[in-house]
There are 2 protein chains.
Amino acid sequence: MATIKDVAARAGVAVGTASRVLSGSPQTSPDSRSRVLAAAAELGYIANGPARSLRRARTDVLGLLVSDIRNPFFSELAHAAEQEARAHGYTVILANANEDAAQADAVLDVFASQRIDGLLLSPQGPKTPRLEALLASDLPIVLLNRSIEGVDAPLYGTDNAGGVAQALKWLQRRGHRDVAFIGGPETFSTGAERHDAYLAGREAHGICTDDALVDAGDFLADGAAEAMLRILDRGALPTAVFGANGQTTLGAMRAVHERLGAEAASLIEFVSFDDVEWFAFMSPPVSAVKNDAPEIGRAGVRGLLALINGGTATSQRIATTFIDRSAGSAA
Amino acid sequence: MATIKDVAARAGVAVGTASRVLSGSPQTSPDSRSRVLAAAAELGYIANGPARSLRRARTDVLGLLVSDIRNPFFSELAHAAEQEARAHGYTVILANANEDAAQADAVLDVFASQRIDGLLLSPQGPKTPRLEALLASDLPIVLLNRSIEGVDAPLYGTDNAGGVAQALKWLQRRGHRDVAFIGGPETFSTGAERHDAYLAGREAHGICTDDALVDAGDFLADGAAEAMLRILDRGALPTAVFGANGQTTLGAMRAVHERLGAEAASLIEFVSFDDVEWFAFMSPPVSAVKNDAPEIGRAGVRGLLALINGGTATSQRIATTFIDRSAGSAA
DNA sequence: CTGTTAGCGCCTTCAC
DNA sequence: GTGAAGGCGCTAACAG
């Protein structure tokens, strides 16, 4: 693989000149510029990133740590973040933590070793040792989606209260009184915020305040199914179910189908925080609060780049959109 | 950030000794070993990856280029590939090409600059200039999911013929004769293979061979919807529809619902190449050929690592599983 | 505007 | 088993 020395030799200039031309420094004559560029093209020269990173003490690489890339929310977010970063000349290294603190720490070590210029973090739970170390260092960090206690990095996330309000309004418009709410873990800020917003708003929207109708899972399908079964076991028969995220809605629906059968299930309307295209074809169709995952990813990258460039970044809540697929709706 | 020099000084040994200890060389005394390790821990030492890469002329980084990370198939594949790579001490850089050759080339440049040790590639279309250059170099490469003309790198992908055969058997068992098939682009090997397997096998499974029932989209929902409409416009009224991938099934279903209404749509059974959990709750439930995306990702990484280590790798077709959700089925 | 050179942090050979 | 030193490819500082 050709080095800058080869390029310089072929162009008949010194390495310094070649370096200046290739990194776009203005201090170069048109003559050497064209000769260096030509030589580089002929040799198929591609700069050695590690060498450049070593010398410049920066890598132009951002680390993105998500809890589970298979979650559509995160895969859309990651996609958008990568696009935004590349538009600014940065590369993104993506890693999963699998909702596991030990894996998260292993990944953070890799990131540290790679000397990433900044970290986009969607935290799993409480602070881990590696994370503490990173926070103590001067590595620029922004939080995505979930906040974490004792960390004051800027947060880019969904407007959970706003999203729940949209769902509540829809429930009221549809005339639902007996609504089951399946939340997520209180230890996740997203779980807590959605839960709190629901409890705070239900009465004003004409929804029964019996807490027998409220339970929580773990934001995964199985946990949500169990929560739904607990509600049914208490003798409640809701006319609508509100799932606090996509997997939760899936689990709740599975529980309802298995316990009550498809026919009875079709009498229950589901609303979901997190939208899925297939909702249009369920019976009845499922309406949903749609997260703007791409915008969260882009805003997070912009904030992080501001931090990297010595500026400041402020937390941002990205608005949700309500997708109404109920019978009477225009769509 | 602490360097190996700091560690050596604190441990009272030479940098060479520190390096040997930290990289697990056996030629170290227990004494210096423990002192170096202690010093490293106290300093929170994490080796500088770029410096190490520069010196060793390898990075322990693999590049993974997929056409669209938002596609669940690829997000699962990427997740598994990353896990497998990490288990072997490698880091994965993930990038999207957005089904766009120019973006793919931009990404390949970044990969080349990062001096990745190997490339996992899910090609979009024909060879691009950058890809040609990479193939000409001695960079180890494996193909994922799709093959590409004129490239003889090992391919790790779905057993398309086997998957189609599973669907055909199911269609026969369900007694369907008038089956619509919505394929993907012939320019993708996956599209061509599924299409060919369907045409070759339909007659033997008692399915009508009228080509008015066959059309192709672009593996995206909109294109598939248009293909479905073309079939309906020809006056055909299938009792079952076979979508050649997940988005295709989505588009076909949308077209059927919009054109015929929900009631008539519920008389048509859908089968899909690519499984989605929500299929269980459609009416009627959708059966599907489930790709083993995680295994494809793992096998690809294993093959690539074999190549990197100077061994050989052979193409592999990963078996599919049929998920039968039809009325009479046990599930 | 250009050439020369030091040195980023690490590994590895070469002596001892 | 250990210390000393060179050099990977690049950029930036310094002369000219």
Test item: B:Ile318 and B:Tyr156 side chains (from C-beta on) under 4.5 Å apart, heavy atoms: no

A:Asp31 CG: over 12 foreign heavy atoms closer than 6.0 Å: yes

Atom-to-atom span, CG of A:Asp60 to P of D:dC10 - whole angstrom: 15 Å

Base C:dG9 paired with A:Arg115 side chain (donor-acceptor, <3.5 Å): no

Under 4.0 angstrom between A:Thr17 side-chain N/O and C:dT2 OP1 or OP2: no

Phosphate OP1/OP2 of D:dT2 contacted by B:Ser29 side-chain N/O (<4.0 Å): yes

Interatomic distance where CZ belongs to A:Arg58 and C1' belongs to D:dA12 [whole Å]: 14 Å

Distance-only donor-acceptor test (3.5 Å): side chain B:Arg55, base D:dG9: no

Given DNA chain D, 5'-ward residue of the pair B:Ala51 and B:Gln27, judged by closest heavy atom: B:Gln27

d(CG, B:Leu54; P, D:dG7) in whole Å: 14 Å

Gap between atoms CD and C1', on B:Gln114 and D:dC10 respectively (whole Å): 15 Å

Touch class at under 4.0 angstrom, heavy-atom based, for B:Ser19 against every strand present: base

N or O in side chain of A:Tyr45 less than 4.0 angstrom from D:dC10 OP1/OP2: yes

Contact under 4.0 Å: B:Arg52 side-chain N or O vs C:dC11 OP1/OP2: yes

Comparing A:Asn48 and B:Arg33 on DNA chain D - which has the more 5′ nearest nucleotide: B:Arg33

Sole candidate of A:Ile69, A:Asp68, A:Val66 that passes side-chain contact (heavy atoms from CB on, under 4.5 Å) when paired with A:Ser75: A:Ile69

Atom pair distance, as rounded to whole Å: CZ in A:Arg20 and C1' in D:dT11: 10 Å

Phosphate-side-chain proximity, B:Ser32 and D:dT2, N/O vs OP1/OP2 below 4.0 Å: yes

Rounded interatomic separation in angstrom, taking CE from A:Met1 and C1' from D:dC10: 15 Å

Salt bridge present between B:Arg146 and B:Glu99 (N-O < 4.0 angstrom): yes

